[in-house]
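Reading through the C-alpha coordinates given below for one structure.
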Amino acid sequence: MFEKLEMAPADPILGLTEAYNNDPNPAKINLGVGVYKDETGVTPIMTSVHKAEKIILDTEKSKGYLPISGAPAYGKVVRELLFGADDAYPAATAHTPGGTGALRVAAQFLKKFNPNAAVWVSDPTWANHNGIFGDAGFEVKKYTYYNAEDRNLNFDGMRASMQQIPAGDIIILHACCHNPSGIDPTLDQWKQIAQMINDKKLLPLMDFAYQGLGRGLEEDAEGLRTVAAAVDEVVVCSSFSKNFGLYKERVGAITLKGASADDVNKAFSNLKIIIRRLYSNPPSHGGAIVTTIMNDPALRAEWEGEVAQVRGRIAEMRQLFVDTLKAKGVTQDFSFLTGQCGMFSFSGLNPDQVKTLKEKHSIYIVGSGRINVAGMTKANMDPLCTAVAEVL
Ligand code: LMR
(Lines give C-alpha, C1' and ligand atoms only; values in the text may rest on other atoms or scores of the structure.)
Protein backbone atom coordinates (compact mmCIF):
# COMPACT_ATOMS: atom_id res chain seq x y z
CA MET A 1 0.00 0.00 0.00
CA PHE A 2 2.70 2.47 0.95
CA GLU A 3 4.39 2.34 -2.44
CA LYS A 4 1.23 3.57 -4.14
CA LEU A 5 1.08 6.75 -2.07
CA GLU A 6 2.03 10.19 -3.34
CA MET A 7 4.29 12.41 -1.26
CA ALA A 8 2.17 14.65 1.00
CA PRO A 9 2.86 18.38 1.15
CA ALA A 10 4.71 19.76 4.17
CA ASP A 11 2.54 21.35 6.84
CA PRO A 12 2.32 25.11 6.11
CA ILE A 13 3.44 25.98 9.65
CA LEU A 14 5.33 23.03 11.17
CA GLY A 15 6.89 22.19 7.78
CA LEU A 16 8.42 25.64 7.88
CA THR A 17 10.03 24.84 11.23
CA GLU A 18 11.57 21.71 9.68
CA ALA A 19 13.01 23.82 6.86
CA TYR A 20 14.28 26.37 9.39
CA ASN A 21 15.94 23.66 11.49
CA ASN A 22 17.70 22.33 8.39
CA ASP A 23 18.96 25.78 7.34
CA PRO A 24 22.69 26.06 8.19
CA ASN A 25 22.68 29.89 8.04
CA PRO A 26 23.57 31.08 11.59
CA ALA A 27 21.68 34.34 10.97
CA LYS A 28 18.38 32.57 10.19
CA ILE A 29 15.19 33.99 11.76
CA ASN A 30 12.02 32.00 12.39
CA LEU A 31 8.84 34.10 12.32
CA GLY A 32 6.77 31.07 11.29
CA VAL A 33 5.42 28.83 14.02
CA GLY A 34 3.67 30.46 16.96
CA VAL A 35 6.32 29.90 19.60
CA TYR A 36 7.47 32.60 21.99
CA LYS A 37 11.13 33.60 22.15
CA ASP A 38 12.61 35.77 24.88
CA GLU A 39 14.97 38.67 24.20
CA THR A 40 17.86 36.21 23.83
CA GLY A 41 16.00 34.27 21.14
CA VAL A 42 15.29 31.29 23.41
CA THR A 43 11.93 29.68 24.18
CA PRO A 44 12.28 29.71 27.97
CA ILE A 45 10.81 27.47 30.63
CA MET A 46 8.92 29.81 32.95
CA THR A 47 10.27 29.99 36.50
CA SER A 48 6.83 29.17 37.88
CA VAL A 49 6.76 26.06 35.67
CA HIS A 50 10.18 24.97 36.91
CA LYS A 51 9.06 25.37 40.51
CA ALA A 52 5.84 23.44 39.88
CA GLU A 53 7.81 20.62 38.26
CA LYS A 54 10.02 20.35 41.34
CA ILE A 55 6.93 20.08 43.54
CA ILE A 56 5.48 17.39 41.27
CA LEU A 57 8.76 15.45 41.27
CA ASP A 58 8.82 15.48 45.07
CA THR A 59 5.19 14.66 45.68
CA GLU A 60 3.95 12.46 42.82
CA LYS A 61 3.14 9.02 44.16
CA SER A 62 2.18 6.98 41.13
CA LYS A 63 2.28 6.79 37.35
CA GLY A 64 -1.10 5.05 37.19
CA TYR A 65 -3.51 6.13 34.44
CA LEU A 66 -5.47 9.33 34.79
CA PRO A 67 -9.25 9.13 34.26
CA ILE A 68 -10.39 9.42 30.62
CA SER A 69 -11.06 13.13 31.10
CA GLY A 70 -7.90 13.78 33.15
CA ALA A 71 -7.58 14.91 36.75
CA PRO A 72 -10.74 16.65 38.06
CA ALA A 73 -8.57 19.32 39.75
CA TYR A 74 -7.20 20.26 36.32
CA GLY A 75 -10.70 20.66 34.89
CA LYS A 76 -11.57 22.98 37.75
CA VAL A 77 -8.64 25.34 37.16
CA VAL A 78 -9.27 25.33 33.41
CA ARG A 79 -12.86 26.46 33.97
CA GLU A 80 -11.64 29.13 36.38
CA LEU A 81 -9.36 30.50 33.66
CA LEU A 82 -12.17 30.38 31.12
CA PHE A 83 -15.15 31.64 33.05
CA GLY A 84 -13.63 33.36 36.13
CA ALA A 85 -13.26 32.38 39.77
CA ASP A 86 -16.97 32.67 40.59
CA ASP A 87 -18.13 30.68 37.58
CA ALA A 88 -21.31 28.71 38.23
CA TYR A 89 -22.04 27.36 34.75
CA PRO A 90 -23.00 23.75 34.27
CA ALA A 91 -19.81 22.66 32.48
CA ALA A 92 -17.33 19.81 32.31
CA THR A 93 -13.74 19.69 31.10
CA ALA A 94 -11.52 16.99 29.67
CA HIS A 95 -7.75 17.33 29.59
CA THR A 96 -6.54 16.80 26.02
CA PRO A 97 -3.11 16.50 24.38
CA GLY A 98 -2.77 20.16 23.43
CA GLY A 99 -5.26 22.52 21.86
CA THR A 100 -5.08 20.58 18.60
CA GLY A 101 -6.08 17.44 20.52
CA ALA A 102 -9.04 19.35 21.97
CA LEU A 103 -10.12 20.44 18.51
CA ARG A 104 -9.83 16.91 17.13
CA VAL A 105 -11.90 15.50 20.00
CA ALA A 106 -14.45 18.27 19.47
CA ALA A 107 -14.60 17.54 15.75
CA GLN A 108 -15.22 13.83 16.29
CA PHE A 109 -17.84 14.49 18.97
CA LEU A 110 -19.67 17.10 16.90
CA LYS A 111 -19.64 14.99 13.75
CA LYS A 112 -21.05 12.01 15.61
CA PHE A 113 -23.93 13.91 17.19
CA ASN A 114 -24.51 16.73 14.72
CA PRO A 115 -23.71 14.90 11.47
CA ASN A 116 -25.54 17.23 9.09
CA ALA A 117 -24.03 20.46 10.35
CA ALA A 118 -21.33 22.39 8.52
CA VAL A 119 -18.41 24.03 10.28
CA TRP A 120 -17.78 27.74 9.66
CA VAL A 121 -14.34 29.23 10.09
CA SER A 122 -13.19 32.83 9.82
CA ASP A 123 -11.63 33.91 6.53
CA PRO A 124 -8.71 33.58 7.16
CA THR A 125 -8.19 31.11 9.98
CA TRP A 126 -5.49 28.87 11.44
CA ALA A 127 -4.69 26.52 8.54
CA ASN A 128 -5.10 23.41 10.68
CA HIS A 129 -8.78 24.15 11.41
CA ASN A 130 -9.60 23.16 7.83
CA GLY A 131 -7.67 19.91 8.08
CA ILE A 132 -8.95 18.90 11.51
CA PHE A 133 -12.63 19.47 10.75
CA GLY A 134 -12.30 18.29 7.15
CA ASP A 135 -10.74 15.00 8.28
CA ALA A 136 -13.61 14.51 10.72
CA GLY A 137 -15.95 14.60 7.71
CA PHE A 138 -17.24 18.17 7.97
CA GLU A 139 -17.81 20.54 5.15
CA VAL A 140 -15.75 23.57 6.21
CA LYS A 141 -17.13 26.93 5.07
CA LYS A 142 -15.87 30.48 5.57
CA TYR A 143 -17.39 33.55 7.14
CA THR A 144 -16.03 37.02 6.37
CA TYR A 145 -13.56 38.34 8.92
CA TYR A 146 -10.53 40.26 7.67
CA ASN A 147 -10.58 43.48 5.73
CA ALA A 148 -7.28 43.34 3.82
CA GLU A 149 -7.59 46.88 2.52
CA ASP A 150 -7.95 48.61 5.87
CA ARG A 151 -6.24 45.82 7.82
CA ASN A 152 -9.03 45.56 10.34
CA LEU A 153 -12.09 43.50 11.16
CA ASN A 154 -14.78 43.59 8.49
CA PHE A 155 -17.52 43.47 11.07
CA ASP A 156 -20.36 44.33 8.70
CA GLY A 157 -19.19 41.54 6.42
CA MET A 158 -18.93 39.17 9.36
CA ARG A 159 -22.46 39.97 10.48
CA ALA A 160 -23.78 39.54 6.95
CA SER A 161 -22.13 36.14 6.59
CA MET A 162 -23.30 35.01 10.00
CA GLN A 163 -26.85 35.82 8.90
CA GLN A 164 -26.44 33.23 6.15
CA ILE A 165 -25.38 30.38 8.45
CA PRO A 166 -28.16 27.80 8.90
CA ALA A 167 -29.44 26.97 12.40
CA GLY A 168 -27.54 24.11 14.03
CA ASP A 169 -24.28 24.76 12.17
CA ILE A 170 -21.04 25.16 14.10
CA ILE A 171 -19.15 28.44 14.13
CA ILE A 172 -15.51 28.47 15.19
CA LEU A 173 -14.41 31.71 16.84
CA HIS A 174 -10.93 32.65 18.00
CA ALA A 175 -11.62 33.73 21.57
CA CYS A 176 -8.69 36.17 21.50
CA CYS A 177 -5.52 36.98 19.54
CA HIS A 178 -6.99 35.90 16.21
CA ASN A 179 -4.65 33.56 14.37
CA PRO A 180 -3.44 34.66 11.81
CA SER A 181 -4.58 38.29 11.69
CA GLY A 182 -4.04 39.47 15.30
CA ILE A 183 -7.36 41.34 15.03
CA ASP A 184 -10.06 40.73 17.65
CA PRO A 185 -13.64 41.97 17.91
CA THR A 186 -14.29 44.71 20.50
CA LEU A 187 -16.42 43.90 23.53
CA ASP A 188 -19.40 45.55 21.89
CA GLN A 189 -18.85 43.47 18.75
CA TRP A 190 -18.61 40.31 20.88
CA LYS A 191 -22.00 41.17 22.38
CA GLN A 192 -23.46 41.40 18.90
CA ILE A 193 -21.77 38.14 17.87
CA ALA A 194 -23.19 36.40 20.94
CA GLN A 195 -26.65 37.75 20.17
CA MET A 196 -26.46 36.53 16.57
CA ILE A 197 -25.29 33.08 17.67
CA ASN A 198 -28.29 32.92 19.97
CA ASP A 199 -30.78 34.24 17.44
CA LYS A 200 -29.50 31.98 14.68
CA LYS A 201 -29.22 28.95 17.01
CA LEU A 202 -25.62 28.26 16.04
CA LEU A 203 -23.26 26.15 18.10
CA PRO A 204 -20.15 28.20 19.00
CA LEU A 205 -16.79 26.51 19.30
CA MET A 206 -14.34 28.91 20.92
CA ASP A 207 -10.69 28.23 20.14
CA PHE A 208 -8.81 29.73 23.08
CA ALA A 209 -5.07 29.30 22.62
CA TYR A 210 -3.60 32.67 23.56
CA GLN A 211 -5.22 33.78 26.82
CA GLY A 212 -3.00 36.41 28.42
CA LEU A 213 -0.95 37.21 25.34
CA GLY A 214 -3.27 39.92 24.06
CA ARG A 215 -4.51 42.42 26.63
CA GLY A 216 -4.45 40.40 29.87
CA LEU A 217 -5.64 37.08 31.31
CA GLU A 218 -9.05 38.45 32.28
CA GLU A 219 -9.40 40.86 29.36
CA ASP A 220 -8.64 38.14 26.83
CA ALA A 221 -11.48 36.03 28.25
CA GLU A 222 -14.09 38.76 27.72
CA GLY A 223 -15.23 37.50 24.32
CA LEU A 224 -15.61 33.94 25.55
CA ARG A 225 -17.41 35.07 28.69
CA THR A 226 -19.78 37.25 26.66
CA VAL A 227 -20.69 34.31 24.43
CA ALA A 228 -20.96 31.90 27.38
CA ALA A 229 -23.31 34.28 29.22
CA ALA A 230 -25.61 34.65 26.22
CA VAL A 231 -25.67 31.14 24.73
CA ASP A 232 -26.76 27.89 26.41
CA GLU A 233 -24.29 25.54 24.74
CA VAL A 234 -20.66 26.36 24.07
CA VAL A 235 -17.65 24.18 23.28
CA VAL A 236 -14.29 25.63 24.33
CA CYS A 237 -10.95 24.26 23.14
CA SER A 238 -8.06 25.57 25.24
CA SER A 239 -4.33 25.39 24.86
CA PHE A 240 -1.69 26.12 27.48
CA SER A 241 1.20 25.85 25.05
CA LYS A 242 1.71 29.58 24.82
CA ASN A 243 0.59 31.11 28.11
CA PHE A 244 2.42 28.52 30.24
CA GLY A 245 5.12 27.90 27.60
CA LEU A 246 4.28 24.18 27.77
CA TYR A 247 4.43 23.51 24.04
CA LYS A 248 5.99 20.05 24.02
CA GLU A 249 4.07 18.87 27.08
CA ARG A 250 0.88 19.06 24.98
CA VAL A 251 -1.52 20.58 27.50
CA GLY A 252 -5.00 21.47 26.36
CA ALA A 253 -8.62 20.98 27.30
CA ILE A 254 -12.10 20.67 25.90
CA THR A 255 -14.88 22.19 27.98
CA LEU A 256 -18.58 21.68 27.35
CA LYS A 257 -20.86 24.32 28.83
CA GLY A 258 -24.55 23.39 28.70
CA ALA A 259 -27.95 24.65 29.78
CA SER A 260 -28.19 22.25 32.74
CA ALA A 261 -26.02 19.87 34.74
CA ASP A 262 -28.04 17.01 33.32
CA ASP A 263 -27.36 18.06 29.71
CA VAL A 264 -23.66 18.45 30.47
CA ASN A 265 -23.46 15.02 32.11
CA LYS A 266 -25.06 13.36 29.12
CA ALA A 267 -22.89 15.18 26.60
CA PHE A 268 -19.73 14.59 28.62
CA SER A 269 -20.39 10.84 28.96
CA ASN A 270 -20.44 10.67 25.16
CA LEU A 271 -17.34 12.81 24.87
CA LYS A 272 -15.50 10.37 27.13
CA ILE A 273 -16.30 7.51 24.76
CA ILE A 274 -14.79 9.51 21.90
CA ILE A 275 -11.63 10.16 23.93
CA ARG A 276 -11.31 6.54 25.03
CA ARG A 277 -11.24 5.50 21.40
CA LEU A 278 -8.84 8.21 20.28
CA TYR A 279 -6.09 8.12 22.94
CA SER A 280 -7.70 6.57 26.03
CA ASN A 281 -6.62 9.15 28.59
CA PRO A 282 -4.32 12.16 28.64
CA PRO A 283 -0.65 12.44 29.59
CA SER A 284 -0.40 13.76 33.12
CA HIS A 285 2.65 15.97 33.50
CA GLY A 286 1.66 19.21 31.73
CA GLY A 287 -1.79 19.29 33.29
CA ALA A 288 -0.26 18.73 36.71
CA ILE A 289 1.99 21.76 36.16
CA VAL A 290 -0.96 23.99 35.30
CA THR A 291 -2.96 22.71 38.29
CA THR A 292 -0.03 23.13 40.69
CA ILE A 293 0.58 26.71 39.58
CA MET A 294 -3.06 27.72 39.61
CA ASN A 295 -3.68 26.28 43.09
CA ASP A 296 -0.62 27.84 44.75
CA PRO A 297 -1.16 31.60 45.29
CA ALA A 298 2.56 32.46 45.20
CA LEU A 299 3.26 30.40 42.06
CA ARG A 300 0.15 31.76 40.42
CA ALA A 301 1.19 35.35 41.08
CA GLU A 302 4.64 34.56 39.68
CA TRP A 303 3.11 32.97 36.58
CA GLU A 304 0.79 35.93 36.02
CA GLY A 305 3.86 38.18 36.16
CA GLU A 306 5.64 35.99 33.63
CA VAL A 307 2.65 36.08 31.26
CA ALA A 308 2.62 39.88 31.61
CA GLN A 309 6.32 39.93 30.64
CA VAL A 310 5.62 37.84 27.53
CA ARG A 311 2.78 40.17 26.58
CA GLY A 312 4.91 43.24 27.20
CA ARG A 313 7.81 41.95 25.14
CA ILE A 314 5.55 41.16 22.19
CA ALA A 315 4.07 44.68 22.33
CA GLU A 316 7.59 46.13 22.49
CA MET A 317 8.67 44.12 19.42
CA ARG A 318 5.61 45.28 17.47
CA GLN A 319 6.59 48.89 18.10
CA LEU A 320 10.29 48.31 17.43
CA PHE A 321 9.54 46.57 14.12
CA VAL A 322 7.40 49.52 12.98
CA ASP A 323 10.01 52.07 14.14
CA THR A 324 12.96 50.21 12.62
CA LEU A 325 11.27 49.86 9.23
CA LYS A 326 10.55 53.57 9.31
CA ALA A 327 14.15 54.33 10.24
CA LYS A 328 15.25 52.28 7.23
CA GLY A 329 13.28 54.57 4.96
CA VAL A 330 10.28 52.31 4.38
CA THR A 331 7.40 54.60 3.49
CA GLN A 332 4.67 51.95 3.68
CA ASP A 333 2.78 52.41 6.94
CA PHE A 334 3.12 49.40 9.24
CA SER A 335 1.67 51.10 12.31
CA PHE A 336 -1.38 48.80 12.11
CA LEU A 337 0.84 46.15 13.74
CA THR A 338 0.91 47.96 17.06
CA GLY A 339 -2.86 47.82 17.51
CA GLN A 340 -3.03 44.05 17.04
CA CYS A 341 -3.12 41.36 19.68
CA GLY A 342 -1.11 38.26 20.47
CA MET A 343 1.76 36.63 18.63
CA PHE A 344 0.58 37.12 15.08
CA SER A 345 -0.08 39.75 12.47
CA PHE A 346 -0.72 39.75 8.80
CA SER A 347 2.31 41.66 7.57
CA GLY A 348 0.91 42.26 4.10
CA LEU A 349 4.01 40.60 2.61
CA ASN A 350 2.98 38.71 -0.51
CA PRO A 351 4.00 35.11 -1.36
CA ASP A 352 6.86 36.28 -3.61
CA GLN A 353 8.27 38.50 -0.89
CA VAL A 354 7.91 35.69 1.65
CA LYS A 355 9.77 33.37 -0.75
CA THR A 356 12.60 35.84 -1.29
CA LEU A 357 12.96 36.43 2.44
CA LYS A 358 13.35 32.70 2.93
CA GLU A 359 15.62 31.94 0.01
CA LYS A 360 17.85 35.00 0.20
CA HIS A 361 17.82 35.92 3.88
CA SER A 362 16.85 32.70 5.74
CA ILE A 363 13.85 34.52 7.23
CA TYR A 364 10.95 32.13 7.66
CA ILE A 365 7.38 33.48 7.41
CA VAL A 366 4.14 31.57 6.76
CA GLY A 367 3.11 31.80 3.07
CA SER A 368 0.06 33.93 3.88
CA GLY A 369 2.38 36.67 5.17
CA ARG A 370 1.55 35.88 8.80
CA ILE A 371 4.45 36.87 11.04
CA ASN A 372 5.10 35.67 14.56
CA VAL A 373 6.07 38.91 16.30
CA ALA A 374 7.21 36.84 19.30
CA GLY A 375 10.09 35.52 17.17
CA MET A 376 11.57 39.03 16.88
CA THR A 377 14.32 40.19 19.22
CA LYS A 378 16.32 43.39 19.60
CA ALA A 379 19.27 41.46 18.14
CA ASN A 380 17.53 40.18 15.00
CA MET A 381 15.44 43.33 14.40
CA ASP A 382 18.00 45.19 12.34
CA PRO A 383 18.84 42.42 9.84
CA LEU A 384 15.15 41.50 9.71
CA CYS A 385 14.05 45.03 8.83
CA THR A 386 16.91 45.48 6.34
CA ALA A 387 15.74 42.35 4.52
CA VAL A 388 12.04 43.31 4.68
CA ALA A 389 12.86 46.82 3.37
CA GLU A 390 14.77 45.19 0.51
CA VAL A 391 11.87 42.98 -0.64
CA LEU A 392 9.14 45.63 -0.32
C1 LMR B 1 0.73 28.35 15.07
O2 LMR B 1 -0.32 28.73 14.54
O3 LMR B 1 1.85 28.61 14.63
C4 LMR B 1 0.65 27.57 16.35
O5 LMR B 1 -0.67 27.41 16.73
C6 LMR B 1 1.38 26.29 16.29
C7 LMR B 1 0.72 25.29 15.41
O8 LMR B 1 0.48 24.17 15.90
O9 LMR B 1 0.42 25.58 14.25
Side-chain angles (χ1 to χ4, degrees), residues 8-21 28-38 41 43-44 96-107 121-136 140 145-146 172-184 205-214 220 224 236-254 279 283 286 307 310-311 313-314 317-318 337 340-347 349 354 357-358 363-376:
D11 181 79
I13 297 174
L14 299 186
L16 208 58
T17 306
E18 285 170 27
Y20 171 85
N21 289 340
K28 61 190 176 179
I29 300 173
N30 190 0
L31 303 185
V33 67
V35 172
Y36 176 76
K37 304 266 176 62
D38 67 14
T43 302
T96 57
T100 305
L103 288 163
R104 191 62 180 82
V105 169
V121 295
S122 60
D123 183 16
T125 194
W126 181 49
N128 215 18
H129 279 153
N130 298 300
I132 291 169
F133 287 87
D135 273 7
V140 181
Y145 193 84
Y146 181 60
I172 300 186
L173 294 149
H174 300 234
C176 72
C177 306
H178 183 267
N179 179 2
S181 73
I183 299 165
D184 290 337
L205 187 158
M206 310 288 292
D207 187 351
F208 201 20
Y210 296 89
Q211 183 175 12
L213 271 70
D220 289 348
L224 167 67
V236 188
C237 294
S238 317
S239 165
F240 300 117
S241 295
K242 330 281 171 169
N243 54 9
F244 283 84
L246 288 171
Y247 307 90
K248 70 178 178 184
E249 299 296 351
R250 311 307 299 132
V251 203
I254 177 168
Y279 56 86
V307 179
V310 166
R311 187 167 61 240
R313 205 190 82 74
I314 295 173
M317 288 304 104
R318 287 183 178 279
L337 286 166
Q340 298 176 348
C341 268
M343 284 186 171
F344 305 118
S345 275
F346 257 169
S347 61
L349 292 165
V354 168
L357 284 170
K358 180 175 160 197
I363 295 172
Y364 290 77
I365 294 173
V366 178
S368 61
R370 184 194 84 170
I371 48 173
N372 173 21
V373 182
M376 298 178 187

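Numbering of ligands and ligand atoms starts at 1, following listing order.
Taking a 6.0 Å sphere around NZ of Lys37, one finds it holds more than 12 heavy atoms contributed by other residues, nucleotides or ligands.
With a 4.5 Å cut-off on side-chain heavy atoms, Tyr36 and Asn372 do not count as touching.
Judged purely by atom type and a 3.5 angstrom limit, Asp207 has no side-chain atom pairing as donor or acceptor with the backbone of His174. Side chain of Lys28 to main chain of Ile363: no donor-acceptor pair is present (N/O by atom type, distance under 3.5 Å, no hydrogens or angles).
Both the sub-6.0 Å distance and the 45° axial angle are satisfied by Arg370 relative to the ring of Phe344.
Remark: the Arg318 side chain and the Ser345 side chain contain an N/O donor-acceptor pair separated by less than 3.5 Å.
Near ligand 1, Ile13, Val33, Gly34, Trp126, Asn179, Tyr210, Lys242, Phe344, Arg370 each place a heavy atom less than 4.0 angstrom from the ligand.
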